[in-house]
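The next block holds one structure in the form of structure tokens; read it before the comments.
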Amino acid sequence: MGDLVRTHKCNDLRQTDSGDQVTLMGWVLRRRDHGGVIFIDLRDRWGITQVVFNPEHNAEVHAKAHGLRSEWVLAIRGRVHNRPDGMINDKLATGSIEVMVDELRILNTSKTPPFPLDEETEVSDNLRLQYRYLDMRRPGMADNFIMRHKAAQAIRTFLNDENFLEIETPMLTRSTPEGARDYLVPSRVNAGKFYALPQSPQLFKQLLMVAGMDRYYQITKCFRDEDLRADRQPEFTHVDMELSFVNEEEIYHIGEEMMATLFRATHGLEIKTPFPRMSYDEAVHRFGTDRPDIRFGLELTDLTDIVKDASFKVFRQVVEKGGVVKAINAKGCATFSRKDLDDLTDFAGNYGAKGLAWVKVKADGEWQSPIAKFFKDEECAAMTAALQAEEGDLLLFQADNPAIVHQVLAEIRLELARRLALLDKNEFSFLWITDFPLVEYDQELKRHTSVHHPFTMPREEDIPLLDTEPAKVKSRAYDMVLNGTEIGGGSLRIHQKELQDKVFATLGIDEKEANDKFSFLLKALELGAPPHGGMAFGFDRLMMILLGRDTIRDVIAFPKTQKATCPLTEAPAPVARKQLTELYLRPDWEDKK
RNA sequence: GGGGUCGUAGUUCAGUUGGUUAGAAUGCCGGCCUGUCACGCCGGAGGUCGCGAGUUCGAGUCUCGUCGGCCCCGCCA
């Protein structure tokens, strides 16, 4: 750069700057060489400015500019000119001016990039991640990270103003039972012992409440060693918070105001608060899921009572075995072709459906369907009434145990919404889900497991049920759902040892194990733990929705592939044998090959 | 652990029923061009068809395996 000092960014200059001497630095976005005059679009994080090399203005600099190529890094000094009449480019914020270059310094050259840095070309994920620093130069990507920064700042400002303290918690901590698989870190100075990377700062934030910090937050990394999805990465970011001496209402209020602040800061959008609330039972009953997308209808209708005595054996036997029969009325979808229905049946199969019964409602309410013949007229009429079916509708049935019926129909409901283009990315529909069960029975483990986590407070009036019918106990937990995605959740926590012991017992964690794994928490609960509760938001998912992207990878600077590798650094990678022996690790995978 | 899909020039893709020398666009290189803004015109280079077997007179194309990307199920308190 020599003695050159940047005076402006590439989005700064306007006609009011005409005549000024300026110095810009940035990358060559495009070069238009007319043999005579040469135009370069110079790009930086802020924008684009056209710079001009004219042989009549400065022959030496013009000659040098001939050699410029894409993504070379330049410093240019020159004078701002208003563009000639009719030459104004409306597509550029700086399109009414250009900089006539007096001095050109090539700060660095560049090889031809391995893929075009425009927004249009769809480049393979592998290549993008391998050259992530180039991928991030593309305008659409750069915007994501600018917005992510703004969002984080808005959240910090809001929580600071609400008297929260940002406090860091350890990345090297201990493995705890329950939950996801841990990432483990061997200890060099403690042979045979391991740290775990945190799945969340859950226990530390509770201890911060015991410490009297009263209101804590942290925007922090969490780690879970599970298989990846479009919206799941092994390391991801939580907006984590915890409050003392609060009830649900105060926590809902904080969550709602934080979202309102966030949408104002990022989209300039006023979202409506308070958010609607729905119990877990209602959500599952009406939508088949505890994270319903309420931007559209297509709700589930329970037909179990109507078909329980029908001559259709498939439905009747399901009901006899304690299953349910539910259906969705896909309004106006009787136009679906045989292939559409076959595709939908295959789709349902992904979620455990054994089939997908369908009915097309014709004129006069007549049923066109492979199963129509199994039902009496009054049964058809009762179902038609329950589903509010009209001519032109398509009815989709699912009969099985409730878990399958709900999952299948919930997914079909979403698939129908996608096919019918009912999902508006610019609509943001928030919802609280409340009154979750505390525990559910795990058939494989033959015991109850936490729906939220083991530190969740049961509803007080349900506590006696812990001994008799744990599955009926409701918890004081809540999820925030945005457009069908769970973006956050939390609970009031247990703050008394007796109750925590009781819940551990319900989960099949005996006194020895509880003391072994959680003695530090149990001790703290006996040393003046205040009532407390909180929540955590999945920051990456939130940004993904906010930016209308289809994958969480687009809002993470250096994400992993589906196999949890990093094409850029080639992590994970082998390590030297010495490193292993230092850690008291003796690999046997070579023998196993 | 399982299902699906994709892999051809630097990039994005096409490639018929298995049949001569694997194409297009863009990018790249060279030349021309003084008002473009996805500049234009002319010319050129560029391929281990992911990898390995197999079938066949002959494989980008068919079969099997394998590696990798993506989507999904399971898993993710």
Side-chain angles (χ1 to χ4, degrees), chain A residues 29-42 48-57 62 66 69-71 81 83-92 94-95 98 100 111-131 134 176-182 199-200 202-203 222-234 236 346-353 404 407-408 411 415 436 438-440 442 444-445 448-456 475 477 486 489-491 503 507 509 536 538 550-551 553 560-563 565 567:
Chain A
L29 173 63
R30 258 186 288 274
R31 156 183 84 100
R32 291 178 293 281
D33 186 340
H34 290 248
V37 66
I38 299 171
F39 300 99
I40 298 284
D41 288 338
L42 196 69
I48 297 164
T49 300
Q50 172 167 288
V51 301
V52 187
F53 299 88
N54 193 319
E56 288 169 8
H57 181 72
H62 173 263
H66 266 295
R69 293 294 182 271
S70 283
E71 299 307 314
H81 284 244
R83 292 204 193 179
D85 284 346
M87 301 298 167
I88 288 176
N89 185 350
D90 294 329
K91 291 182 210 152
L92 286 185
T94 60
E98 60 196 10
M100 190 67 73
K111 289 185 180 175
T112 303
F115 52 86
L117 301 187
D118 56 33
E119 211 168 348
E120 295 78 43
T121 314
E122 289 247 0
V123 182
S124 78
D125 276 54
N126 198 26
L127 202 57
R128 287 176 60 193
L129 294 186
Q130 198 181 333
Y131 298 96
L134 297 181
T176 52
E178 308 279 308
R181 196 175 293 112
D182 285 318
Q199 295 180 29
S200 83
Q202 180 60 36
L203 292 172
C222 303
F223 305 86
R224 293 176 192 177
D225 187 5
E226 298 291 349
D227 287 351
L228 285 74
R229 291 284 188 281
D231 63 351
R232 265 164 40 188
Q233 283 275 306
F236 58 97
D346 288 346
F347 175 83
N350 292 335
Y351 304 95
I404 297 236
Q407 186 181 2
V408 169
E411 294 296 339
E415 177 64 13
F436 280 85
L438 184 73
V439 298
E440 62 194 346
D442 186 313
E444 248 174 67
L445 297 176
H448 289 92
T449 57
S450 297
V451 169
H452 187 53
H453 58 52
F455 320 108
T456 303
S475 71
E486 181 208 322
S491 62
V503 170
L507 295 171
I509 302 173
D550 295 321
T551 162
R553 293 188 298 278
K560 306 276 190 290
T561 66
Q562 191 157 44
K563 282 198 74 190
T565 65

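Heavy atoms only: backbone and side chains are in, while hydrogens, waters and symmetry mates are out. In what follows, every chain begins at residue 1, and chains take the letters A, B, ... in the order their sequences are listed. In this text the structure is predicted, and so the values were computed from the model without any measurement.
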List every contact pair, protein side and nucleotides 4-8 of chain B side both N or O, where the distance is under 3.5 Å.
none

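- Look at G43(B): its Watson-Crick or wobble partner, with both distances under 3.5 angstrom, is C29(B).
- Residue contacts for Glu98(A): at a heavy-atom cut-off of 4.0 Å it reaches a base atom on one of the strands shown.
- Considering only residues two or more places apart in sequence or on other chains, Ser124(A) meets the side-chain contact (heavy atoms from CB on, under 4.5 Å) condition with Asn126(A), Leu127(A).
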Expected rows: protein N/O vs nucleotides 1-3 of chain B N/O, under 3.5 Å:
none

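- Listed nucleotides: C37(B), U11(B), C76(B). Nearest to the side chain of Arg224(A): C76(B).
- Take Glu71(A) and apply the salt bridge (charged side-chain N to carboxylate O under 4.0 Å, His left out) test, not counting sequence neighbours, and it matches Arg43(A), Arg137(A).
- Under the 6.0 Å cut-off for aromatic ring centres, Phe53(A) and His66(A) do not qualify, their centroids lying 6.0 Å or more apart.
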Could you run down the sub-3.5 Å N/O contacts of the protein with nucleotides 31-34 of chain B?
| unit_1 | atom_1 | unit_2 | atom_2 | d |
| --- | --- | --- | --- | --- |
| C33(B) | N1 | His34(A) | O | 3.4 |
| C33(B) | N3 | Asp33(A) | O | 3.1 |
| C33(B) | N3 | Gly35(A) | N | 3.2 |
| C33(B) | N4 | Gly35(A) | N | 3.3 |
| U34(B) | OP2 | Gly36(A) | N | 3.4 |
| U34(B) | O4' | Val37(A) | N | 3.4 |
| U34(B) | N3 | Glu56(A) | OE2 | 3.4 |
| U34(B) | O4 | Glu56(A) | OE2 | 2.6 |

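- A sub-4.0 Å separation between OP1 or OP2 of C39(B) and a side-chain N or O of Arg32(A) is present.
- Arg83(A) has no side-chain polar atom (N or O) that falls below the 4.0 Å cut-off from OP1 or OP2 of G35(B).
- Note on Tyr351(A): only backbone sugar-phosphate atoms sit closer than 4.0 angstrom, heavy atoms only; bases stay farther off.
- Where stacking is scored as ring centres under 5.5 Å apart with planes under 30°, Phe39(A) registers as stacked on the base of U36(B).
- With sequence neighbours left out, Asp227(A) forms a side chain to side chain donor-acceptor pair (under 3.5 Å) with no residue at all.
- A donor-acceptor contact shorter than 3.5 Å is absent between the side chain of Glu415(A) and the backbone of Phe347(A).
- Across all strands shown, G35(B) has no partner, as no Watson-Crick or G-U wobble contact with both distances under 3.5 Å is found.
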Distances for protein N or O near nucleotides 67-71 of chain B N or O, under 3.5 Å:
| unit_1 | atom_1 | unit_2 | atom_2 | d |
| --- | --- | --- | --- | --- |
| G68(B) | OP1 | Lys563(A) | NZ | 3.2 |
| G68(B) | OP2 | Lys563(A) | NZ | 3.4 |
| G69(B) | OP1 | Thr561(A) | OG1 | 3.1 |
| C70(B) | OP1 | Gln562(A) | N | 3.3 |
| C70(B) | OP2 | Gln562(A) | N | 2.8 |
| C70(B) | O3' | Arg553(A) | NH2 | 3.2 |
| C71(B) | OP1 | Arg553(A) | NH1 | 3.3 |
| C71(B) | OP1 | Arg553(A) | NH2 | 3.1 |

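- In this structure G58(B) sits in no base pair that meets the Watson-Crick or G-U test at under 3.5 Å.
- Under the side chain to side chain donor-acceptor pair (under 3.5 Å) criterion, His453(A) pairs with Gln202(A), Thr456(A), Arg493(A), not counting sequence neighbours.
- Among the protein residues, Pro84(A) comes within range of the nucleic acid bases, having at least one heavy atom under 4.0 Å from a base atom.
- Note: CZ (Arg30(A)) to C1' (G40(B)) measures 15 Å, nearest angstrom.
- Using a 4.5 Å heavy-atom threshold, the side chains of Val439(A) and Leu507(A) count as touching.
- Residues satisfying the salt bridge (charged side-chain N to carboxylate O under 4.0 Å, His left out) criterion with Asp90(A), sequence neighbours excluded, are absent altogether.
- Every residue two or more places apart in sequence or in another chain that forms a salt bridge (charged side-chain N to carboxylate O under 4.0 Å, His left out) with Arg128(A) is listed here: Asp135(A), Asp554(A).
- Base pairing analysis places U5(B) opposite G69(B); the two distances defining the Watson-Crick or G-U wobble pair are each below 3.5 Å.
- Across all strands shown, C64(B) forms a Watson-Crick or G-U wobble pair, both distances under 3.5 Å, with G52(B).
- For Glu178(A), the side chain to side chain donor-acceptor pair (under 3.5 Å) partners at least two apart in sequence or on another chain are Arg447(A).
- Residues satisfying the salt bridge (charged side-chain N to carboxylate O under 4.0 Å, His left out) criterion with Glu119(A), sequence neighbours excluded, are absent altogether.
- Of the candidate nucleotides U11(B), G30(B), C76(B), G30(B) has the atom nearest to the side chain of Arg69(A).
- Base pairing annotation: G23(B) forms a Watson-Crick or G-U wobble pair with C13(B), both donor-acceptor distances under 3.5 Å.
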